[in-house]
There are 2 protein chains.
Amino acid sequence: MKSRITIKDIARELSVSTSTVSKALKDSHEISESTKAKIKAFADFYHYKPNSLALKLRNQKTQVIGIIIPEIVHHFFSRVISGIEKVANQHGYNVMICVSNESYDKELLNIEMLANGSVDGLLISLSKETQKIKDFKHFDELIENNLPFVLFDRIEKTINCDKIIIDDEGGAYRATKYLIEKGCKKIALITTPAYVTVGESRKMGYIKAHQKHGINVAESLVIKIDKDDDDHDAIYALIKKLIFVKNPPDGIFAVNELYAALAMKVSKERGLRIPQDIEIIGFTDGIISEFSSPALTTVAQHGYTMGKHAAEMLINRIENKANGNFQTEVISTDLKFRESTLN
Amino acid sequence: MKSRITIKDIARELSVSTSTVSKALKDSHEISESTKAKIKAFADFYHYKPNSLALKLRNQKTQVIGIIIPEIVHHFFSRVISGIEKVANQHGYNVMICVSNESYDKELLNIEMLANGSVDGLLISLSKETQKIKDFKHFDELIENNLPFVLFDRIEKTINCDKIIIDDEGGAYRATKYLIEKGCKKIALITTPAYVTVGESRKMGYIKAHQKHGINVAESLVIKIDKDDDDHDAIYALIKKLIFVKNPPDGIFAVNELYAALAMKVSKERGLRIPQDIEIIGFTDGIISEFSSPALTTVAQHGYTMGKHAAEMLINRIENKANGNFQTEVISTDLKFRESTLN
DNA sequence: AGCAATTACGAAACCGATTTCGTGTTAAAA
DNA sequence: TTTTAACACGAAATCGGTTTCGTAATTGCT
């Protein structure tokens with residue numbers, strides 16, 4: 001059960017003090033060349049590596065960034081993480097990832113776990129439950145202890161911190177506008193409950209695009225899915241109610257690719273041709289869209305970029321390179337044309 | 001720039017020693033009720049939380065599990081992580097995730113980072129490069145320092161540790177056998193280069209199924225994709241060479257869902273009807289298969305289960321509940337029938 | 001030769017906790 | 001009245017490092 005060798009072991013074996021060992025290993029001028037050589041050789045031989053906990057405690061700096069996300073089996077979030085990881089590593093940071101599972105309690109627990117000295121800063125995307133019950137007191141404590149943190153994607157305006165979001169409203173606006181201008185007369189919206197802010201923003205874009213064209217949005221064309229993303233059957237059933245009607249919509253804008261893909265499935269079963277009878281656009285960073293048939297036109301949201309920028313914002317804060325005021329950065333979207341809309 | 005309150009602050013403010021504070025907060029019988037009350041009230045008021053680095057250093061126990069995976073934007077691996085996270089949390093552990101990006105150097109770096117006291121144990125899936133160059137010396141050091149670790153999915157037999165794998169060969173065998181028994185005469189295999197062990201095992205299953213039926217596998221029906229998974233176009237081009245020929249295959253077994261989905265795309269473009277003219281089976285834990293059209297029949301590999309079991313194996317090691325010998329657990333697969341094969 | 005400067009190292013404080021051991025005070029037992 | 005035990009707390013060691021400061025021995029300068 002031998003464990004990793006420590007500086008004390010080296011000191012004892014070579015009959016010098018721990019200070020001498022420490023300095024020798026850092027090539028300090030205070031130590032003679034001969035002693036340094038001896039110590040370095042010994043340390044090398046036994047593969048000495050300083051204990052990182054001890055260093056972190058001493059330096060009051062962990063070089064670790066904590067990430068709290070609602071779920072990890074999620075293409076968008078995993079891209080964000082990938083971007084974070086990239087930038088973090090470039091700056092010598094590691095990442096510690098916690099999953100809130102869309103639960104307020106777990107989010108709170110995670111924050112408490114990570115905020116006790118384990119990390120230098122936090123990157124957080126709010127859980128659905130947190131957005132629903134609107135309780136943000138766990139962030140007050142972060143602010144009190146002035147631990148830097150950045151909210152990304154699922155944010156809350158009233159929290160005083162740096163934020164980074166997708167241009168949800170703009171993306172939805174352009175997608176809807178595109179459908180309107182292609183001649184769609186009945187464009188349905190498949191969205192989330194209102195407490196999911198990104199869904200709400202996208203709905204806003206959908207509405208504004210209609211207003212811009214002087215069209216009144218029929219409430220019957222808007223459905224809110226209050227089901228777990230894993231429960232495809234339940235979502236499917238809700239969408240069916242939208243499409244299996246006398247005069248089905250001739251356009252659909254869905255706030256994520258899952259809804260869009262399921263809408264496409266339902267449409268095909270209803271006998272509608274895509275895109276001739278009904279045009280569909282999703283919102284996503286995903287792969288369902290690419291491989292569904294017909295391939296889905298989507299609002300591409302660039303999660304990798306968001307992750308990179310979020311990490312940069314946070315590291316700037318941690319290293320005090322940021323100016324005083326908190327920023328909110330908006331990542332713009334692209335409309336990616338595929339087969340589910342007419343050329 | 002006030003920072004988190006420490007036990008020393010409390011001791012100073014209340015004119016007691018740090019030992020008294022520590023004991024009081026742990027409700028020790030050594031401390032009088034009145035003093036305990038006073039200290040607890042003070043600590044509560046200032047939201048005192050012990051510094052976790054100090055605890056970890058003191059206890060020589062981090063309650064953190066390190067995970068090293070080749071990539072994170074990957075449905076299978078994210079499911080594995082999800083399973084790990086679940087079990088780890090149940091046992092009071094957190095997870096720290098590092099990505100090797102399929103690079104040997106980064107894998108080595110990650111291991112060194114995590115093995116210096118940051119974690120109690122490691123869960124590792126080998127990078128492609130590591131499998132290619134077959135250099136496993138970084139694991140020797142883990143063994144020397146006896147830091148528990150478990151290899152999952154992409155493993156190496158010669159490393160002396162616990163391992164957990166998918167029944168790649170068995171899954172491939174049953175999938176291929178199914179195609180043969182459905183009457184396919186020319187079943188192509190789309191696989192990875194040989195150094196990717198999971199690809200090789202699946203190839204073995206494919207071959208054995210043929211042998212079982214006394215069929216010789218034509219080398220021309222086996223293609224190895226040596227392209228980055230992100231480079232869909234390049235993969236597409238390789239698959240095209242397989243299918244755009246005079247007598248195309250009437251069955252395809254692909255070692256992952258990306259290859260299967262792309263093969264389906266190519267087949268459709270070649271004018272082949274799926275599943276009437278060509279039947280396709282993929283190997284996966286993913287979502288492309290579900291939403292592609294026709295939906296793909298696949299060998300389901302249960303990443304979530306693998307993650308849970310891997311975490312359990314590791315925690316048993318960490319907490320010395322495992323018996324002495326190293327185990328290799330095999331997670332079995334299911335053939336999930338969808339539209340890309342005849343009923 | 002006498003004094004200052006340099007060299008080479010060790011002692012001790014520190015990071016933030018826990019825990020063992022020691023001790024002064026008080027109350028109960030002899 | 002003396003002994004003893006219980007009580008309540010503090011000093012110090014510990015985890016594994018880094019860093020400041022102090023100092024003995026040597027060297028350099030006048």
Side-chain angles (χ1 to χ4, degrees), chain A residues 1-40 42-43 46-64 113 115-120 145 147, chain B residues 1-40 42-43 46-64 113 115-120 145 147:
Chain A
M1 185 83 144
K2 75 193 154 226
S3 192
R4 188 169 281 274
I5 190 177
T6 73
I7 240 177
K8 286 183 191 174
D9 300 327
I10 303 181
R12 189 174 357 88
E13 291 304 312
L14 299 181
S15 306
V16 293
S17 74
T18 60
S19 354
T20 303
V21 176
S22 175
K23 288 171 190 165
L25 293 174
K26 319 205 86 175
D27 217 12
S28 160
H29 66 272
E30 284 184 46
I31 308 299
S32 70
E33 290 304 325
S34 64
T35 307
K36 279 199 268 190
K38 196 173 59 176
I39 292 175
K40 283 182 185 171
F42 190 92
Y46 287 103
H47 300 119
Y48 168 76
K49 298 273 166 47
N51 179 301
S52 63
L53 287 179
L55 286 181
K56 290 170 182 175
L57 180 59
R58 170 72 216 216
N59 299 333
Q60 297 291 83
K61 188 86 173 49
T62 64
Q63 296 293 119
V64 174
M113 288 274 343
N116 291 328
S118 298
V119 300
D120 292 341
N145 293 306
L147 186 76
Chain B
M1 183 85 140
K2 77 195 150 220
S3 193
R4 188 169 281 274
I5 190 177
T6 72
I7 240 177
K8 286 183 191 173
D9 300 326
I10 302 180
R12 189 175 357 88
E13 291 304 311
L14 299 182
S15 305
V16 292
S17 76
T18 59
S19 353
T20 303
V21 176
S22 175
K23 289 170 190 165
L25 293 175
K26 316 206 88 176
D27 216 12
S28 160
H29 62 91
E30 285 185 45
I31 308 297
S32 70
E33 291 303 326
S34 64
T35 306
K36 279 200 268 191
K38 195 173 59 176
I39 291 175
K40 284 182 184 171
F42 190 92
Y46 286 103
H47 300 119
Y48 168 76
K49 299 274 165 47
N51 179 300
S52 64
L53 287 178
L55 285 181
K56 290 170 181 173
L57 180 59
R58 169 73 218 216
N59 299 333
Q60 297 291 83
K61 189 83 174 48
T62 65
Q63 296 293 118
V64 174
M113 288 273 343
N116 291 329
S118 298
V119 300
D120 292 340
N145 293 306
L147 186 75

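Computed from a prediction, not measured in an experiment: that's the story for all the values here.
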In this structure, how many angstroms lie between the [atom2] atom of [N] and the [atom1] atom of [X], rounded?
X: A:N116; N: C:dA17; atom1: CG; atom2: C1'; value: 12 Å
X: B:I31; N: C:dT19; atom1: CD1; atom2: P; value: 13 Å
X: B:R12; N: D:dG10; atom1: CZ; atom2: P; value: 15 Å
X: B:H29; N: D:dC9; atom1: NE2; atom2: P; value: 13 Å
X: A:I39; N: C:dC9; atom1: CD1; atom2: C1'; value: 10 Å
X: B:I10; N: D:dG10; atom1: CD1; atom2: P; value: 14 Å
X: A:K23; N: D:dG22; atom1: NZ; atom2: C1'; value: 10 Å
X: A:D27; N: D:dT18; atom1: CG; atom2: C1'; value: 16 Å

Between A:E30 and A:S22, the residue closer to the 5' end of DNA chain D by nearest nucleotide is A:S22
What closest approach, in Å, do [X] and [Y] show between heavy atoms, and which atom pair accounts for it?
X: B:I5; Y: B:Y48; answer: O-CD1, 3.5 Å
X: A:N51; Y: B:G117; answer: ND2-CA, 4.4 Å
X: A:D9; Y: A:R4; answer: OD2-O, 4.3 Å
X: A:K40; Y: A:D27; answer: NZ-OD1, 3.0 Å
X: B:A43; Y: B:L25; answer: CB-CD2, 3.8 Å

Counting only non-hydrogen atoms, which of residues 46-59 of chain B are less than 4.0 Å from DNA chain C? B:Y48, B:K49, B:P50, B:N51, B:A54, B:L55, B:R58
Which is true for B:S19 with a 4.0 Å heavy-atom rule: it touches a base, it touches only sugar-phosphate, or it touches nothing? base
Using only side-chain N and O atoms of [X], determine if any of them is under 4.0 Å from OP1 or OP2 of [N].
X: A:K8; N: D:dC15; result: yes
X: A:T18; N: C:dG10; result: no
X: B:Q60; N: D:dT14; result: no
X: B:S32; N: D:dC9; result: yes

Before giving the answer on side-chain contact (heavy atoms from CB on, under 4.5 Å), spell out for B:K56 and B:V64 the whole-Å C-alpha distance, their side-chain angles and the decisive distance to 0.1 Å. CA-CA 10 Å; B:K56 290 170 181 173; B:V64 174; 4.1 Å; yes
Pairwise side-chain contact, A:S52 with A:Q63, heavy-atom cut-off 4.5 Å (strictly under): no
Per atom distances to the B:K26 side chain, the nearest of C:dT19, D:dC21, D:dC15 is C:dT19
